[in-house]
Asks: 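Input: one structure, supplied below.
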2 protein chains.
Amino acid sequence: MFSEDPDKVSSMTTTSPQGRTELLRPDGSPVRVLVVDDELSITELLSMALRYEGWQIRSAGDGTGALQTARDFRPDAVVLDMMLPDMDGLTVLGRLRRDLPDVPVLFLTAKDAVEDRIAGLTAGGDDYVTKPFSLEEVVARLRGLIRRSGAADRRSDSVLVVGDLMLDEDSHEVSRGGDNIHLTATEFELLRFLMRNPRRVLSKAQILDRVWSYDFGGQANVVELYISYLRRKIDAGREPMIHTRRGAGYLIKPAAS
Amino acid sequence: MFSEDPDKVSSMTTTSPQGRTELLRPDGSPVRVLVVDDELSITELLSMALRYEGWQIRSAGDGTGALQTARDFRPDAVVLDMMLPDMDGLTVLGRLRRDLPDVPVLFLTAKDAVEDRIAGLTAGGDDYVTKPFSLEEVVARLRGLIRRSGAADRRSDSVLVVGDLMLDEDSHEVSRGGDNIHLTATEFELLRFLMRNPRRVLSKAQILDRVWSYDFGGQANVVELYISYLRRKIDAGREPMIHTRRGAGYLIKPAAS
DNA sequence: CTGGAACCTGTGATTTTTCTGAGAAACACA
DNA sequence: TGTGTTTCTCAGAAAAATCACAGGTTCCAG
């Protein structure tokens, strides 16, 4: 039970109860993320999703609270809404950087926000997503930021592999058995979600909640539709990797199994 | 685990988490740059961008602070605004040179600054850029200065190569498959940014933030436009190297892939 | 065997995103 | 100052992606 499994002792990653691989900090402690947004529904949504990644989350509802929390929480990354009640996002950023010069920031901006205030945001390696966002998108961007900032180990694995299926999160390239496959943005996100949870059944509700943005009000059968698209591109003519669990959901697993 | 990997110990460059090649000092420590400008927004923007290059940054808001910081920080390069509140840029330069005779300086000057004041600035191997600048420009010039000063190793790699596409940062020459290609300044910067991040999807926001100057307030579709110009010159009739990732951005990669 | 539930997928309307032509403005240089 | 180049805006064309709808198929319980 407590055998000296060298992989377990020295590795910088661990496998979550859900079977996914987590990012960890070099000292083995969980990654810390500070979430700042004035809408409680947003901070709660994000906190839940990010905790599920195995990260340690704190949240704040305004700039003042954010700066305070940042000081003693010392997060490895910050999710920062640009529109806060008490101060401008850029002001928060500036002060944040005084205490934590290297912390990467993921900005949240309204879709229709004037473009000019986004200028320069990604200059320092930071990134942003527009509201309404999908959780997979936020998680993926955060993982990218954290990986690149060097706050976590497991640096170079921007590639997900399941069987002979390969997905590169940097180049957005997907291939199966060496053949390149072109996916649309939504197809890509769906496949990424499946591949981050191999051999696990994901319900349509879960998929909808993670891959589509939180304000999606459409028909529930988009998931079926997109699964069908993916199959056409990925399983076409080959041993299928995407499987239906009737009444439960879908799962992906290596073909030979 | 701690084996003597000769490559690791003696190499003068490393590959950043981003996959790009960094400049390092001969002893393997990060390059140090001092940024001097009285506008906080400028020092912050530059600090962010230069930190992202893997460099170690200090900043100062006036000449006095600059000289003080320079003394114990001993930077490998200095970015110096010519217009400081307490003293003239040339005065700062003179005193700076007393402590650090060989440090290369990148001057920042207002666009409308009288030409004759700039005259001679670059005589000693220094360089300058006019405000408003683009980050790619500043980074490129700094890399050039540092490379040429001998403060960092990896001297001769002023040439970026992706597939049969070649870009020389010193001569500003570009060729594909041996054919010389003439690019305008903006086209050149865009291509350089793409080539410094091969096989990685770069969003339009990232491109805008790095390649256009920080005060650019125009339409986001200049990026599309310039991508289209580049394609006409680089991919014309050939196997395309510049690819669109709809909804994500653009990337460059070798044709055969 | 049969009916209903769950799932799959073709079609096409709608929306979003990207591309590009034309020309105005800014600039560089002789 | 004039000319050619470069940069950029605007607007419409083209392409691609997203999604609703609906008819068809598969599965399973009874």
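In what follows, every chain begins at residue 1, and chains take the letters A, B, ... in the order their sequences are listed.
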Asks: Rounded to whole angstroms, how far apart are NE2 on H172(A) and C1' on dA16(D)?
Replies: 17 Å

Asks: To the nearest angstrom, how far is D215(A) atom CG from dT18(D) atom C1'?
Replies: 14 Å

Asks: So, OP1 or OP2 of dC8(D): does either fall under 4.0 Å of a side-chain N or O from W212(B)?
Replies: yes

Asks: Give the rounded distance in Å between these two atoms: CG of D235(A) and C1' of dT9(C).
Replies: 15 Å

Asks: Distance check needed: dC7(C) P versus L208(A) CG, whole Å only.
Replies: 14 Å

Asks: I'd like a list of close polar pairs between nucleotides 4-6 of chain D and the protein, N/O only, cut-off under 3.5 Å.
Replies:
residue	atom	partner	partner atom	Å
dT6(D)	OP1	H182(B)	NE2	3.2

Asks: Which residues pass the salt bridge (charged side-chain N to carboxylate O under 4.0 Å, His left out) test with D168(B), sequence neighbours left out?
Replies: none

Asks: Could you note down all residue pairs passing salt bridge (Lys or Arg N to Asp or Glu O under 4.0 Å) where residues 217-228 of chain A supplies at least one of them, sequence neighbours left out?
Replies: K204(A)-E224(A)

Asks: Using side-chain contact (heavy atoms from CB on, under 4.5 Å) as the criterion, list what pairs up with L208(B), not counting sequence neighbours.
Replies: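 Testing L208(B) for side-chain contact (heavy atoms from CB on, under 4.5 Å), a comparison that skips the adjacent residues, returns W212(B), F216(B), A220(B), V222(B), V223(B).
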
Asks: F133(A): which residues meet the ring-ring contact (aromatic ring centres under 6.0 Å, His included) condition with it, sequence neighbours left out?
Replies: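 Counting only residues at least two positions away or on another chain, F133(A) forms a ring-ring contact (aromatic ring centres under 6.0 Å, His included) with Y214(A).
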
Asks: Between R148(B) and D127(B) (salt bridge meaning N to carboxylate O under 4.0 Å), is one present in this structure?
Replies: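 Not counted as a salt bridge, because no side-chain N and carboxylate O are separated by less than 4.0 Å.
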
Asks: What is the nucleic acid contact for F216(A), judged by heavy atoms within less than 4.0 Å: base, sugar-phosphate only, or nothing?
Replies: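 Since only primed, P, OP1 and OP2 atoms lie under 4.0 Å of F216(A), the category is sugar-phosphate.
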
Asks: To the nearest 10 degrees, what angle separates the axes at the start and end of the helix from dC1(C)-dG30(D) to dA30(C)-dT1(D), five pairs each?
Replies: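 One end's axis against the other's: 30°.
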
Asks: Apply side-chain hydrogen bond (donor to acceptor under 3.5 Å, both in side chains) to D164(A) and list each qualifying residue two or more places apart in sequence or on a separate chain.
Replies: R176(A)

Asks: Output all residues satisfying side-chain contact (heavy atoms from CB on, under 4.5 Å) with A236(A), sequence neighbours left out; order by chain, then residue number.
Replies: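 So A236(A) forms no side-chain contact (heavy atoms from CB on, under 4.5 Å) with any residue.
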
Asks: Expressed as a whole number of angstroms, how long is the span from Q219(A):CD to dA13(C):P?
Replies: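 So the CD-P distance, Q219(A) to dA13(C), works out to 18 Å.
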
Asks: Figure out the CG/P separation between L230(A) and dC8(C), and round it to whole Å.
Replies: 12 Å

Asks: With a cut-off of 3.5 Å and sequence neighbours excluded, list every side-chain donor-acceptor pair involving residues 186-195 of chain A.
Replies:
residue	atom	partner	partner atom	Å
E187(A)	OE1	T184(A)	N	2.8
E187(A)	OE1	K233(A)	NZ	2.7
E187(A)	OE2	K233(A)	NZ	3.4
E189(A)	OE1	S134(A)	OG	3.1
E189(A)	OE2	R192(A)	NH2	2.7
R192(A)	NH1	E169(A)	OE1	2.7

Asks: In chain order, what residues pass the salt bridge (charged side-chain N to carboxylate O under 4.0 Å, His left out) check against D170(B), with sequence neighbours excluded?
Replies: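 If we apply the salt bridge (charged side-chain N to carboxylate O under 4.0 Å, His left out) test to D170(B), skipping adjacent residues, the hits are R147(B).
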
Asks: Between protein and nucleotides 17-20 of chain C, what N or O pairs are separated by less than 3.5 Å?
Replies:
residue	atom	partner	partner atom	Å
dT17(C)	O2	R246(B)	NH2	3.0
dT18(C)	OP1	G247(B)	N	3.0
dT18(C)	OP2	K204(B)	NZ	2.4
dT18(C)	O4'	R246(B)	NH2	3.3
dC19(C)	OP1	R231(B)	NH1	2.6
dC19(C)	OP1	T244(B)	OG1	2.7
dC19(C)	OP2	Y250(B)	OH	2.6
dT20(C)	O4	N221(B)	ND2	3.4

Asks: Using residues 38-49 of chain A as the side-chain source, report each donor-acceptor pair under 3.5 Å to any protein atom, sequence neighbours left out, with the distance given to one decimal.
Replies:
residue	atom	partner	partner atom	Å
E39(A)	OE2	K131(A)	NZ	3.2
T43(A)	OG1	L40(A)	O	2.9
S47(A)	OG	T43(A)	O	2.6

Asks: Assess, by modelled atom type and distance only, whether the side chains of T244(B) and R231(B) contain a donor and an acceptor separated by less than 3.5 Å.
Replies: yes

